[in-house]
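Letters A, B, ... are given to chains in the order of the sequence lines, protein chains preceding strands, and every chain is numbered from 1.
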There are 2 protein chains.
Amino acid sequence: MLKLSTKGQYGVRAMFEIARGYNLGPITIKQISENQDVSVSYLEQILNQLRKAGIIKSVKGPGGGYVLARSPEEISIGAILRELEGPVAITSCLDPKEGCMRVEGCVTHLLWKSLGEKIETFLDNMTLDDLLKGSGFVEITRAGRRNKKGNDKAVAAG
Amino acid sequence: MLKLSTKGQYGVRAMFEIARGYNLGPITIKQISENQDVSVSYLEQILNQLRKAGIIKSVKGPGGGYVLARSPEEISIGAILRELEGPVAITSCLDPKEGCMRVEGCVTHLLWKSLGEKIETFLDNMTLDDLLKGSGFVEITRAGRRNKKGNDKAVAAG
DNA sequence: AAATACTTGACAGGATTAGTAGACTATTTT
DNA sequence: AAAATAGTCTACTAATCCTGTCAAGTATTT
């Protein structure tokens, strides 16, 4: 129960990839796709949505790709998911778009509302930076990140 | 995001109805259906599942219906939902039935696991009794509960 | 001008949800 | 025994949402 769709999951993983190289310039969709094992086409949809929301920025042309719009500690998982999946709404009753008839009779209203708030608090307090730290990842080089096309010597040598 | 299906929602509301009259004998599916505005056919499915799980008991024949198998403070919302919707599993990765490939690479694994645990704790600590108390419902009479067929005099008089 | 990379919208197969229908079994009352 | 009440079980379906794919286009850099 209470599953998150793959869109949200992939979105967070993609954001993680972008955050990894925060100070190394843009990362391409293709790179993200390869590192996180998600199709380029699907990522296009997801990243486009995040770009429109101002969470990431895109750079066109050769050498282009995606970059965080703010630093990793300023981007919460909650913000990412809210953009891709709408607000937490355990019941459609609690979705701001729909509203609740039977307001009086709905004994469980408070229950779901309360749970939803707990979840949002959790997600809003968790940032990409927390994710980076939790991943056991310390630092990477550009070569290290873009090492799929046989130029991984830099890594092996390092 | 993180919606609960109607099955789970209806299940909790049905359980609330049964809990309401805990010491007044069985309540019929029809009663629950009318009070909570859910079709009898759909409730049959839901209640049957809960009965098989030993959360409620059924009594056949006239005067029959459903009763809680334990007292309201012994039945958690978590137990009800887990029965109807399976365990909390934000990602299928965390579903005990499926298991996780890419265990190493999945940086978000810990995030979802941690959130899932928070949710389960919340749901397991919330009981039907809490719901009853929160509903502003103090006490009802049998006549009060079964008042659809014109015998609500007892309530008006009381 | 060519190469690279992002942008956008349409579309489709499959899974899940939400609910209906109908025939059956068990128990109590008359 | 028969009738009435009430739960049991299985199959089926319509609709919705998820999970992507595809293709044609626009923008930027070299």
Side-chain angles (χ1 to χ4, degrees), chain A residues 1-11 13-14 18 25-34 36-53 56-67 69 81 84-86 89-93 95 97-98 146 149, chain B residues 1-11 13-14 18 25-34 36-53 55-67 69 81 84-86 89-93 95 97-98 146 148-149:
Chain A
M1 65 169 129
L2 293 175
K3 285 207 171 70
L4 197 62
S5 78
T6 60
K7 192 175 191 178
Q9 295 176 43
Y10 294 170
R13 274 159 57 191
I18 300 173
I27 180 173
T28 67
I29 285 195
K30 199 176 172 209
Q31 278 296 321
I32 300 174
S33 162
E34 285 170 352
Q36 288 293 333
D37 220 14
V38 177
S39 86
V40 169
S41 311
Y42 200 17
L43 277 174
E44 280 173 353
Q45 258 181 56
I46 294 170
L47 294 181
N48 207 344
Q49 212 169 330
L50 293 173
R51 183 186 55 80
K52 281 178 182 163
I56 52 178
K57 286 185 289 194
S58 63
V59 180
K60 291 189 172 188
Y66 287 95
V67 205
L81 291 179
L84 293 173
E85 311 222 347
I90 312 286
T91 63
S92 50
C93 188
D95 194 321
K97 284 200 309 282
E98 317 219 8
R146 303 194 156 173
K149 287 274 166 61
Chain B
M1 66 170 129
L2 294 175
K3 285 208 172 68
L4 197 62
S5 80
T6 59
K7 191 176 191 180
Q9 295 177 43
Y10 294 170
R13 273 158 59 190
I18 301 173
I27 180 174
T28 67
I29 286 195
K30 201 179 170 206
Q31 277 296 321
I32 299 175
S33 163
E34 285 170 352
Q36 289 291 334
D37 221 14
V38 177
S39 85
V40 169
S41 311
Y42 200 18
L43 277 175
E44 279 174 355
Q45 270 179 45
I46 295 170
L47 294 181
N48 207 342
Q49 211 169 330
L50 294 173
R51 182 185 55 81
K52 281 177 182 161
I55 296 178
I56 51 178
K57 285 185 290 195
S58 63
V59 181
K60 290 190 173 186
Y66 287 96
V67 206
L81 291 179
L84 293 173
E85 311 223 346
I90 311 286
T91 62
S92 52
C93 188
D95 193 322
K97 286 200 307 282
E98 317 221 7
R146 302 194 156 172
K148 284 286 175 178
K149 289 274 165 62

* Under 4.0 Å between a side-chain N/O of A:Tyr66 and OP1 or OP2 of C:dA5, yes or no? -> no
* Nearest-angstrom distance from the residue atom NZ of A:Lys57 to P of D:dT28 -> 15 Å
* **Rounded distance in Å - CG (B:Leu50) to P (D:dG7)** => 14 Å
* Asked: Distance check: side-chain N/O of A:Tyr10 vs OP1/OP2 of D:dG20, anything under 4.0 Å?
  -> yes
* Asked: To the nearest Å, how far apart are B:Leu43 CG and D:dC9 P?
  -> 16 Å
* Asked: Does the B:Ser33 side chain pair with the main chain of B:Ser39, one donor and one acceptor, at a distance under 3.5 Å?
  -> no
* To do: Answer with yes or no whether the side chains of B:Lys7 and B:Gln45 bring together a donor and an acceptor at under 3.5 Å.
  => no
* Asked: Expressed in angstrom and rounded to an integer, what is the separation of B:Ile46 atom CD1 from C:dG19 atom P?
  -> 9 Å
* Structure fact -> Taking every heavy atom of A:Tyr66 against every heavy atom of A:Ile56, the minimum-distance pair comes out as CD2-CD1, 3.6 Å
* To do: Pick base, sugar-phosphate or nothing for B:Ser39, based on heavy-atom distances below 4.0 Å to the nucleic acid.
  => sugar-phosphate
* Closest nucleotide of DNA chain D for A:Gly61 versus for B:Gly61: which of these residues is on the 5' side? -> B:Gly61
* Asked: Is there a donor on the side chain of A:Gln45 or the base of D:dT21 sitting less than 3.5 Å from an acceptor on the other?
  -> yes
* Among C:dA3, D:dC9, C:dT7, the nucleotide that comes nearest once only the side chain of A:Pro62 is considered -> C:dA3
* **Sugar-phosphate, base or nothing in reach of A:Ile29, heavy atoms under 4.0 Å** => sugar-phosphate
* **Steps toward side-chain contact (heavy atoms from CB on, under 4.5 Å) verdict (A:Leu47, A:Ile32)** => CA-CA 11 Å; A:Leu47 294 181; A:Ile32 300 174; 4.0 Å; yes
* B:Lys3 has an atom NZ; how far is it from atom P of C:dA15, in whole Å? -> 22 Å
* Rounded to the nearest angstrom, tell me the gap between atom OH in B:Tyr42 and atom C1' in C:dA18. => 5 Å
* **C:dT17 base / B:Glu85 side chain donor-acceptor hit below 3.5 Å** => no
* Distance test, side-chain N/O of A:Ser5 to OP1/OP2 of D:dC17, below 4.0 Å -> no
* To do: Describe the nucleic acid contact of A:Lys52 in one word from base, sugar-phosphate, nothing, applying a heavy-atom distance below 4.0 Å.
  => sugar-phosphate
* Exercise: identify the closest heavy-atom pair between A:Arg51 and A:Ser58 -> CD-OG, 3.2 Å
* To do: For B:Met1 and D:dC18, give me the distance from atom CE to atom C1', rounded to whole Å.
  => 17 Å
* Does A:Glu85 reach the main-chain N or O of B:Leu2 with its side chain, forming a donor-acceptor pair under 3.5 Å? -> no
* Among the nucleotides C:dA18, D:dT19, C:dT27, which one has an atom lying closest to any side-chain atom of B:Lys60? -> C:dT27
* Are any of A:Asn48's side-chain N or O atoms less than 4.0 Å away from OP1 or OP2 of C:dT8? -> yes
* Below 4.0 angstrom from OP1 or OP2 of C:dT4, is there any side-chain N or O of A:Thr28? -> no
* To do: Check every strand shown and say whether A:Ser41 touches a base, only sugar-phosphate, or nothing at a heavy-atom separation below 4.0 Å.
  => base
* Asked: Is any side-chain N or O of A:Arg51 closer than 4.0 Å to OP1 or OP2 of C:dA5?
  -> no
* Asked: Atom CD1 of A:Ile27 to atom C1' of C:dA5: distance rounded to whole Å?
  -> 14 Å
